[in-house]
Every structure is written in structure tokens, then in C-alpha cells.
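Note that ligands are numbered from 1 as they come in the structure, with each ligand's atoms numbered from 1 the same way.
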Amino acid sequence: MTRRVLFVCLGNICRSPAAEGVVRAMAGDRLRLDSAGTSDWHRGNPPYRPMIDAAARRGIDLRGLRARQFTRRDFLDFDLIVPMDPDNRADIERLRPEGATTPVHLFTDYAPEAGMNHVPDPYYTRDFEATLDLIEICAAGLMRDLF
Ligand code: 4NP
């Protein structure tokens with residue numbers, strides 16, 4: 001049964017920590033959650049301040065999270081890996097260990113009604129609200145899929 005879910009983006013300071021926080025608010029203690037970045041650019045840092053603030057306006061507290069880089073071992077430590085965009089997915093798949101069968105599914109695949117194949121990166125778009133809107137829709141879809 002899926003119990004350990006890892007969300008992955010590029011920097012691990014905007015999209016994947018937000019996904020982790022939103023899903024945690026929905027799942028409570030039914031899932032073990034973490035997030036990681038395909039890059040090590042922000043290792044040890046809290047989420048990006050504008051994302052912390054935008055999430056806080058929705059009752060989601062991201063302040064305690066710290067960025068880390070995705071590693072090959074995550075294929076063994078998690079039951080499901082959820083990248084935010086196809087580039088993240090390709091970078092993850094390049095690290096898949098021989099024989100590892102851990103599923104990797106785009107977050108947007110859980111919300112076909114949204115018609116998106118990626119979660120837009122607000123670090124570049126600056127539209128934190130639109131990204132959080134989509135994350136909430138994908139999170140609801142993930143919950144429907146898992147429970
Ligand atoms: P994220 O957004 O992948 O959603 O965390 C980014 C944050 C920082 C950078 C790129 C993307 N950066 O270039 O520092």
C-alpha cells in the first residue's frame with residue numbers, strides 16, 4: 001500500500017514543498033511525506049518566502065521544511081515519487097537503480113480535468129496563487145487515487 005510519497009521539483013523551494021504541505025493538510029497521518037529537488041541549489045534552505053506567504057494565506061505552514069537533493073536511494077525509501085514537470089521526471093528516471101520498480105507519476109496526472117502536463121514554476125511565472133490553485137486540484141486527485 002502507498003504510504004510514503006515524495007514530491008520532486010527543481011529547486012525544492014517552491015512547488016514540491018507546497019505540494020507536500022497541501023497534501024499533508026489533506027492526508028494527516030495517513031501518509032508519510034517528503035519533498036526533494038533534482039538540483040542541490042537550495043540545500044538546507046527553507047521554502048522561498050513568497051511561497052511560504054502564499055501558502056500561509058491558505059492555512060498551510062511551510063516554514064519548517066528544508067530543501068534537499070533527490071538521490072537514487074529515494075527509489076527505495078518511497079512507495080511513490082511525484083515530479084512536478086516532465087523535466088523533473090526525466091532527471092529522476094536517469095537515477096533509477098537497476099530493478100527498482102517504484103512508480104513515478106506526474107502530479108498533474110492526478111488531475112486530468114486541469115488539462116496540464118506540468119505544475120508551472122512560480123519562481124519564474126511569479127504567479128504563486130495559480131500554482132497553488134493547481135497544486136490543490138492535483139492534491140485532491142491524488143487523495144482520490146490513494147484512498
Ligand atoms: P521549484 O522552483 O523547482 O518549484 O523549487 C525553483 C526555485 C529556484 C530555482 C528554480 C526553480 N532557481 O533557479 O534557483
Side-chain angles (χ1 to χ4, degrees), residues 2-28 31-97 100 102-146:
T2 300
R3 279 288 170 268
R4 302 167 298 177
V5 180
L6 179 66
F7 299 97
V8 181
C9 62
L10 175 58
N12 194 208
I13 57 168
C14 289
R15 294 167 295 169
S16 63
E20 178 184 353
V22 168
V23 173
R24 181 168 288 121
M26 294 178 176
L31 294 175
R32 286 173 49 193
L33 304 174
D34 195 7
S35 63
T38 55
S39 77
D40 69 352
W41 300 338
H42 299 280
R43 173 176 302 168
N45 292 342
Y48 192 43
R49 171 53 67 177
M51 180 55 92
I52 289 178
D53 293 344
R57 289 193 289 274
R58 301 178 189 221
I60 307 290
D61 185 358
L62 303 180
R63 291 173 300 175
L65 302 180
R66 294 294 179 270
R68 71 169 178 89
Q69 188 170 24
F70 180 85
T71 75
R72 295 165 62 83
R73 205 184 55 228
D74 288 316
F75 278 97
L76 309 177
D77 289 344
F78 291 88
D79 303 303
L80 174 64
I81 298 171
V82 183
M84 297 295 119
D85 67 41
D87 288 339
N88 305 148
R89 180 175 57 187
D91 289 340
I92 289 166
E93 287 293 354
R94 269 192 281 277
L95 294 172
R96 182 185 289 275
T102 313
V104 176
H105 292 309
L106 285 175
F107 202 23
T108 47
D109 285 349
Y110 294 97
E113 71 272 25
M116 298 286 289
N117 75 341
H118 69 288
V119 177
D121 191 339
Y123 195 76
Y124 301 114
T125 68
R126 311 312 298 175
D127 194 341
F128 294 86
E129 301 302 328
T131 286
L132 280 172
D133 287 345
L134 180 58
I135 285 173
E136 289 180 343
I137 293 166
C138 296
L142 177 66
M143 296 299 293
R144 281 194 301 274
D145 193 77
L146 294 182

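- Counting protein heavy atoms only, atom 3 (O) of ligand 1 is closest to Gly11 N, 2.8 Å.
- Note: an N/O pair closer than 3.5 Å links Ile13 and ligand 1 by distance alone.
- Ion pairing between a basic and an acidic side chain is recognised when a charged N comes within 4.0 Å of a carboxylate O; Arg49 and Asp53 show such pairing.
- Ranking the protein heavy atoms by distance from atom 10 (C) of ligand 1 puts Tyr124 OH, 3.2 Å first.
- Between Phe70 and Phe7, a ring centre-to-centre spacing not shorter than 6.0 Å is recorded.
- At under 3.5 Å, not a single nitrogen or oxygen of Ser16, backbone or side chain, sits near a nitrogen or oxygen of ligand 1.
- Of the charged side-chain nitrogens involved, at least one lies within less than 4.0 Å of a carboxylate oxygen, so that Arg58 and Asp133 count as a salt-bridged pair.
- Looking at every heavy atom in both residues, Ala18 comes nearest to Leu62 through CA-CD1, 4.0 Å.
- The nearest heavy-atom contact from the protein to atom 14 (O) of ligand 1 is His42 NE2, 2.7 Å.
- Just one of Glu20, Arg15, Arg66 meets the side chain to side chain contact (heavy atoms under 4.5 Å, CB included) condition when paired with Ser35; it is Glu20.
- Closest heavy-atom contact between Ala27 and Met143: CA-CE, 3.7 Å.
- Under the 4.0 angstrom criterion for non-hydrogen atoms, Tyr48 is not in contact with ligand 1.
- Numbered from 1 in the order shown, with element, the atoms of ligand 1 that lie under 4.0 Å from a heavy atom of Trp41 read 12 (N), 13 (O), 14 (O).
- Contact analysis leaves Met84 out of contact with ligand 1, as no non-hydrogen atom separation drops below 4.0 angstrom.
- The closest protein non-hydrogen atom to atom 12 (N) of ligand 1 is Tyr123 CE2, 3.4 Å.
- Counting non-hydrogen atoms of neighbouring residues, nucleotides and ligands closer than 6.0 angstrom, the CZ atom of Arg68 exceeds 12 such neighbours.
- Among protein heavy atoms, the minimum distance from atom 11 (C) of ligand 1 is reached at Asp121 OD2, 3.0 Å.
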